[in-house]
Asks: 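Please see the structure below; I have some questions.
This one's a predicted model, so the numbers in the text were calculated from it and none came from an experiment.
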Amino acid sequence: SGDNFRSGTWMATIDGDEVELTLKTTSGDGTTSSHFKKSEFSSLPTGQKAEFNITRDAGTLSMTGMFDGNDGFGHYTFKENADFIAFLKNEGVTWTRDNRIIGAFFANLTRAYVETLAQAGYAKLPLHDLIALSSMKVDPAYIKSWKDMGYPDIPVRDVVALKSMKVDGDFVKQLQDAGFTHPAVH
């Protein structure tokens, strides 16, 4: 439903400069985990309950709770950034489910990234494609490398799959050196 991940409970573990954060919805029908830099948290309260948050382009995750050593727990609410949603709509981005915005938050999808992808030829994409590209850290240099190898219009799903398998120009060059002149990417 559209209420997924708008509120619920959180658990976290600090590991060096990173925090692994797990959210569970109030209804109990969803759980998600992601890693954040400690510096993204407004604070990490220890010993007593406090309020703190993480703010990204897609919205703000507000938390109450505390940490005992490296482990924390508490409650959260997520508020979408209306300006970011307006920006996405203005850029021609589409989505069908309200709860996709939390995905944009977790993928750290930014205005600058959406604009950069559009300049690289990936404009007016569905939000789930932008989330996948951002999650895999597909950048303009990676896209350009494929264009330079003679693959000007690779579908997003293939770019994401190639990046997830760490397939790059060096790998393609090895295939070409082995006699595969223009290997298919899907």
Side-chain angles (χ1 to χ4, degrees), residues 4-26 30-88 91 93 95 98-120 122 125 127-145 156 159-168:
N4 281 351
F5 298 107
R6 297 218 190 263
S7 65
T9 57
W10 65 268
M11 296 183 314
T13 301
I14 300 171
D15 184 10
D17 291 335
E18 286 197 347
V19 178
E20 181 180 3
L21 180 65
T22 301
L23 302 183
K24 184 175 181 180
T25 60
T26 300
T31 303
T32 189
S33 294
S34 190
H35 289 84
F36 294 85
K37 293 179 179 149
K38 277 172 59 174
S39 60
E40 289 189 83
F41 288 78
S42 61
S43 68
L44 291 171
T46 56
Q48 64 183 25
K49 187 174 175 180
E51 294 181 12
F52 55 103
N53 61 57
I54 302 171
T55 300
R56 290 180 162 180
D57 281 9
T60 300
L61 187 66
S62 299
M63 293 168 274
T64 58
M66 67 179 208
F67 282 82
D68 180 9
N70 288 331
D71 297 317
F73 59 92
H75 292 88
Y76 76 89
T77 58
F78 177 72
K79 180 155 177 37
E80 300 167 346
N81 178 347
D83 290 339
F84 185 67
I85 292 171
F87 164 79
L88 292 175
E91 291 292 311
V93 175
W95 64 92
D98 289 343
N99 64 2
R100 291 275 186 200
I101 297 300
I102 190 78
F105 176 85
F106 273 101
N108 200 14
L109 184 64
T110 66
R111 293 170 195 254
Y113 186 73
V114 172
E115 291 168 345
T116 300
L117 284 177
Q119 292 166 1
Y122 289 87
L125 295 174
L127 184 59
H128 68 270
D129 283 348
L130 289 171
I131 291 169
L133 289 163
S134 182
S135 294
M136 291 308 304
K137 299 181 180 12
V138 173
D139 61 16
Y142 187 76
I143 294 167
K144 184 180 181 315
S145 72
V156 170
V159 172
V160 169
L162 290 164
K163 182 75 174 188
S164 73
M165 293 182 286
K166 298 178 176 37
V167 176
D168 59 12

Asks: L88 vs I101, test: side-chain contact (heavy atoms from CB on, under 4.5 Å). Steps then yes/no.
Replies: CA-CA 10 Å; L88 292 175; I101 297 300; 4.3 Å; yes
Asks: Which heavy atom of S135 sits nearest to which heavy atom of A107, and what is that distance?
Replies: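 Heavy atoms of S135 and A107 come nearest at OG-CB, 3.4 Å.
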Asks: Does the side chain of T55 pick up a donor-acceptor pair with the side chain of T60 at under 3.5 Å?
Replies: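 Their side chains do contain a donor-acceptor pair, which is all the 3.5 Å distance test asks for.
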Asks: Could you check whether atom CD of E51 has more than 12 heavy atoms from other residues, nucleotides or ligands sitting under 6.0 Å from it?
Replies: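 Not more than 12 within 6.0 Å, no.
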Asks: Which heavy atom of P45 sits nearest to which heavy atom of A50, and what is that distance?
Replies: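 Between these two residues, the closest heavy atoms are CB-CB, 3.5 Å.
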Asks: Report the relative orientation of the aromatic rings in F41 and F52; use parallel for angles under 30°, tilted for 30 to 60°, perpendicular for over 60°.
Replies: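 Answer is tilted, since the angle falls between 30° and 60°.
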Asks: So, for F106 and L23, which heavy atoms are closest and what is the spacing to 0.1 Å?
Replies: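 Shortest heavy-atom separation between F106 and L23 comes out as CZ-CD1, 3.4 Å.
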Asks: Kindly give the heavy-atom pair with the smallest separation between F84 and T110, and that separation in Å.
Replies: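 It is CE1-C, 4.0 Å.
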Asks: Side chains of M11 and T31, heavy atoms from C-beta outward: is any pair under 4.5 Å?
Replies: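 A side-chain contact under 4.5 Å is absent here.
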Asks: Check whether any side-chain heavy atom of I143 sits under 4.5 Å from a side-chain heavy atom of L117, and report yes or no.
Replies: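 The answer is yes; the side chains approach within 4.5 Å.
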Asks: Restricting to side chain to side chain donor-acceptor pair (under 3.5 Å), what partner residues turn up for T13, sequence neighbours left out?
Replies: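 T13: side chain to side chain donor-acceptor pair (under 3.5 Å) contacts with D71.
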Asks: Please collect all side-chain hydrogen bond (donor to acceptor under 3.5 Å, both in side chains) contacts where either partner lies in residues 32-47, sequence neighbours excluded, each pair once.
Replies: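 Output for this query lists T22-S33, E40-R56.
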Asks: Got Y122 and D129 here, is their nearest side-chain heavy-atom distance under 4.5 Å?
Replies: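 Of all side-chain heavy-atom pairs linking D129 with Y122, none is under 4.5 Å.
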Asks: Give, for atom CD1 of I131 and atom CH2 of W95, the distance between the pair rounded to the nearest 0.5 Å.
Replies: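 That separation rounds to 9.5 Å.
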Asks: Do L162 and Y142 have side-chain heavy atoms sitting under 4.5 Å apart?
Replies: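 They are in side-chain contact.
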Asks: So, using ring pair (Phe, Tyr, Trp, His ring centres under 6.0 Å) as the criterion, who are the partners of F78 when residues are at least two apart?
Replies: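 F78 satisfies ring pair (Phe, Tyr, Trp, His ring centres under 6.0 Å) with F105 once adjacent residues are dropped.
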Asks: What is the distance from atom CD of Q48 to atom CZ of F67, rounded to the nearest 0.5 Å?
Replies: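 Rounded to the nearest 0.5 Å, the CD-CZ separation comes to 14.0 Å.
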Asks: Using a 4.5 Å cut-off on heavy atoms from C-beta on, say whether the side chain of D57 contacts that of V114.
Replies: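 SC-SC contact between V114 and D57 ruled out.
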